[in-house]
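Whatever order the structure lists ligands and atoms in, that order sets their numbers, starting from 1. Predicted model only: the values in this text are computed from it and were never measured.
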Amino acid sequence: HLTTAAQGHTEHTGHTGHTATARSVTSLTADRDRTADVALTLVARAQRFRLPTGRSVDGYTLNGTSPGPAIHATVGQLVEVRLVNESVPGGITLHWHGVDVPNAEDGVAGVTQDAVGTGRSHTYRFVAGQAGTFWYHSHQVSHEQVRRGLLGALVVAPARRPPTGTVDVVALLHLYDGARTVNGREGDVRVAARPGDKVRVRVINTENGETPAWVGGAPFRLVAVDGTEVNEPAPVRDATVMVTAGGRADIEVTMPADGSPVRVHIGGPGGVVLGSRSYDAPPAPRPAKKLDLLSYGAPEPVGFDAERADRRFTYEIGRRPGFLDGMPGVWWTVNGHMFPDVPMFMVAEHDVVRMRVSNHSGESHPMHLHGHHAVVLSRNGVRATGSPWWMDSLEVGNGESYDIAFVADNPGIWMDHCHNLPHAAEGLVAHLMYE
Ligand code: C2O
Ligand code: CU
């Protein structure tokens, strides 16, 4: 990706002397001489590989598999990943989707680093600052490289150990050549769980579209969204969780006392089947009602005052004919501008930033902000009343408008783009930049 350094037209409303929750970026940046707690090498290769069903995929692997190895860390640990590009043409990177890493570790080719060419390597180092469900993927020609398999799960566990009777499952959804897979396999993923166990299924949507998830055989709670715990999540029956493209939803189920199995549907009839004696959980119909994050859970303070924002921006998504890289077409626009001529959103460290994201483009867009988590204040003028809805990936439907807010606490240049990755390639990209 190329980027312009064009200055944005920003409305500066003056510092308000708020006391935003301070997060020290230096605490996320590791000392050079600190040894890594989690260290691994990921070797990227262009190859033909087989899904467990036997279907052969012409794609990209990390250490011979796709998805690549799931990375597990604990809060406070230093993660060090050496990325080696053995044979992927055009260069590669790794972006830590949803992790608020220091800017130099963000993995955006052309912005925070050069793409890693074949025969070369690059080492990423960051301290896992927040527990939660995340993922990693290439951010070079992302629409192609992610689709072809340069991705994997990243789970950061809280420092405190989970109680016994807790089962933790990653469920990474990905489409290979039209085959919908969970953790690289078509069909069900089976996980052993005893009656009374609490099972946390970490749904990661790496597809380009919003994906429904629902549960058959037990009520569930949506315990985390995009890596942040929901405050007081109530048990849900008969509702579907919509997982934004790029987004994560942690679904918690308590296994029924009678030993019957539970099916967590992810995107369709398949998904994760939890059981003790049998895994014979019949598919459950998808509930028509959608769980609305605007009103789910109980409110609690977010740590800053969004009403007294230092900066207010609009991010209006549209579409019009024009030229992108000299190519005529009908392209996405941000505030009427076409990439790369989209003015940057300029902020200063510690600013409270408010943004109104609205969409009149005729299609839905999963918007992803790098390096920050934002809280949703309202949708179409209706204020949020539930648990603070912290997100890094937000589905903005056609005709919708969201007010979001965040604290600018992570200096650098950060992308704010559509995670329907072909849309990003078609110009639905803007940047946030610190003065
Ligand atoms: Cu997961 Cu800029 O992307
Ligand atoms: Cu889009």
For this session: Please work out which of the three classes, parallel, tilted or perpendicular, describes the rings of Trp214 and His265, given edges at 30° and 60°.
Result: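 His265 vs Trp214 ring planes: parallel.
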For this session: Mind checking the CZ-CG spacing from Phe339 to Leu428? Nearest 0.5 Å is all I need.
Result: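 So the CZ of Phe339 and the CG of Leu428 are separated by 10.5 Å.
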For this session: Drop me the distance from Asn63's CG to Leu40's CG, to the nearest 0.5 angstrom.
Result: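 Reported value, rounded in 0.5 Å steps: 7.0 Å.
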Exercise. Between atom 1 (Cu) of ligand 1 and His368, is there an N, O or S atom separated by less than 2.8 Å?
Worked result: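 No, since none of the N, O or S atoms of His368 sits under 2.8 Å from atom 1 (Cu) of ligand 1.
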Exercise. Hey, is atom 1 (Cu) of ligand 1 within less than 2.8 Å of some N/O/S atom on His137?
Worked result: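 Of the N, O and S atoms in His137, at least one lies under 2.8 Å from atom 1 (Cu) of ligand 1, which means yes.
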For this session: Kindly confirm whether atom 2 (Cu) of ligand 1 is within less than 2.8 Å of some N/O/S atom in His417?
Result: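 Yes, within the cut-off.
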Problem set entry | Close side-chain approach of Ser401 to Arg379, heavy-atom, < 4.5 Å |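 Ser401 does not reach Arg379 side chain to side chain.
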For this session: For the Cu ion (ligand 2), find the closest N/O/S atom on His365 and give its atom name.
Result: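 This turns out to be ND1.
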Exercise. By atom name, which N, O or S atom belonging to His423 lies closest to the Cu ion (ligand 2)?
Worked result: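 Atom name returned: ND1.
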Exercise. Between Glu349 and Arg311, is there a salt bridge with N-O shorter than 4.0 Å?
Worked result: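 Salt bridge between Arg311 and Glu349, a charged N being under 4.0 Å from a carboxylate O: no.
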Exercise. Is Asp310 salt-bridged to Arg354, cutoff N-O under 4.0 Å?
Worked result: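 No, Asp310 and Arg354 are not salt-bridged.
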Problem set entry | atom 2 (Cu) of ligand 1 - name of the N/O/S atom of His370 that sits closest to it |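 Going by distance to atom 2 (Cu) of ligand 1, the closest N, O or S atom in His370 is NE2.
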Problem set entry | Nearest to atom 1 (Cu) of ligand 1 - the N/O/S atom of His97, by atom name |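 For His97, the N/O/S atom sitting closest to atom 1 (Cu) of ligand 1 is ND1.
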For this session: Specify whether an N/O/S atom of His419 falls short of 2.8 Å from the Cu ion (ligand 2).
Result: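 Not a single backbone or side-chain N, O or S atom of His419 is under 2.8 Å from the Cu ion (ligand 2).
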